[in-house]
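Notes follow the structure.
Both backbone and side-chain heavy atoms feed into the values below; hydrogens, waters and symmetry mates do not. First listed ligand is number 1; within each ligand, the first listed atom is number 1.
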Amino acid sequence: MTDAQEIRERLTEAGHAEVDPARARVRVVNTCCVTAEAVAKSRKAVRRAARTADRVLVTGCGANLAGAAFEDVAANVTVVRGPSERVPDLVAGWVGDLGCTGGRPAAFPRTRAYVKVQDGCSFTCSYCVIPHVRGPSRSRAAADVLADIARRAGQGHREVVLTGINLGCFRDRIAGMRLHHLLVAAADIDGIDRVRLSSIEVNHVSDALLGAMTHPGVARHLHIPMQSGDDRVLRAMRRRYAAARFLAAVGRARQLVPGINLTTDVIVGHPAEDEDAFGRTLEAVREAGFTRVHVFPYSPRPGTADGASDPVPAAVKADRSRRLRELADTLGAAHRRALSGTRQRVLVETEAGRGYTDDYTPLVVRGGRPGTIVEVVA
Ligand code: SF4
């Protein structure tokens, strides 16, 4: 999301006009490679784009990991490989060389902005290809991040999401700032009503971070990837925590940030997962009270420690995914019922009045205008 936004802005700055995709001479497809399915979907998108555009530029993790799979799609496809920090300039160079310039600037959504504070990951989860395609962890300077946020406030954005591949690794050693300092400094910027974190590893959910989340300008929501609730599977995944430690961190978050809403990612059908282990994952999700679960059926990725192994049948993965989604739906519905009758501040994002509370619960506000914060009784 942040990478795509940066490419759009870089092209707009260079004077290129964003038009209806069906009329575009150049299309940029930012790809994902986190699962085999994600690569297949990205290939489909590239094929579709190549039918109408003169040139298709393929960027993102999919381009870095499996560039050849995209180059084969059509003769007018160019794969742009490189670290995310360089890709907007590389794309602008390609588009400039094609002579596409001029036009009105793109209209960016003005409600929520995504600001990257960190990129890459130095962890070694056994199933994950991200460190191979995005490189080791590195942070932006806090002053640059805060200047970007102030610019967003000036553009009329009310909410900012701090993003990173392994966000809790953010550190500006020169300024002496870690993520909790940055969070408070961002929330103090004039014009910004809310700051949220995109996703954070449980190892980084410290008391200092939870303390920062009690600032009135920080959203009471954390997305903490759990991946499994079974210790044997977590060890096989090299996840650096046991289920009990994960659940203790969740309990601490609820204690220090009253009303916090928690969501998560879970991988089902990892090679080490049997039915008992999956049962423990269901129990952990229930105990943690996650209101939304992004379920990823396990998919072996090339170059990872688990890359050669995929013993769990697809039908079993599909069944476990369904059971986990049903549980998440039940927990999500209970959370929405618990909010019923309470006062909530909703940042309206669409003409239809759809928006989110500060704990990231979706609500529809009748008559709400996009970009406004409305106080309602849920
Ligand atoms: S922490 Fe996240 S990005 Fe890093 S290796 Fe593990 S799953 Fe991948």
Discussion item. Is there a side-chain contact (heavy atoms from CB on, under 4.5 Å) between Val195 and Leu162? Walk through the geometry before answering.
Written reply: CA-CA 7 Å; Val195 182; Leu162 305 186; 3.8 Å; yes
Item to complete: For the pair Val266 and Val268, evaluate side-chain contact (heavy atoms from CB on, under 4.5 Å) and give the outcome as yes or no after the intermediate values.
Response: CA-CA 6 Å; Val266 171; Val268 297; 4.2 Å; yes
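Screening Arg10, Arg86, Arg134 against Asp3 for a salt bridge (Lys or Arg N to Asp or Glu O under 4.0 Å) leaves a single residue, Arg134.
Scanning the protein for heavy atoms near atom 7 (S) of ligand 1, the closest one is Tyr127 OH, 3.4 Å.
Geometrically, Arg240 engages Phe123 in a cation-pi contact defined by less than 6.0 Å to the ring centre and at most 45° from the axis.
Taking the ring pair (Phe, Tyr, Trp, His ring centres under 6.0 Å) definition, one finds that His294 meets it with His223, sequence neighbours left out.
In this structure, Tyr360 and His221 have parallel ring planes: the angle between them is below the 30° cut-off, well short of the 60° mark.
Taking 4.0 Å as the cut-off, Arg238 does not count as a neighbour of ligand 1 on heavy-atom distance.
Below the 2.8 Å limit, atom 4 (Fe) of ligand 1 has as protein N, O or S neighbours Cys121 SG.
Formation of a donor-acceptor pair under 3.5 Å by the Gln5 side chain with backbone atoms of Tyr114 is found in this model.
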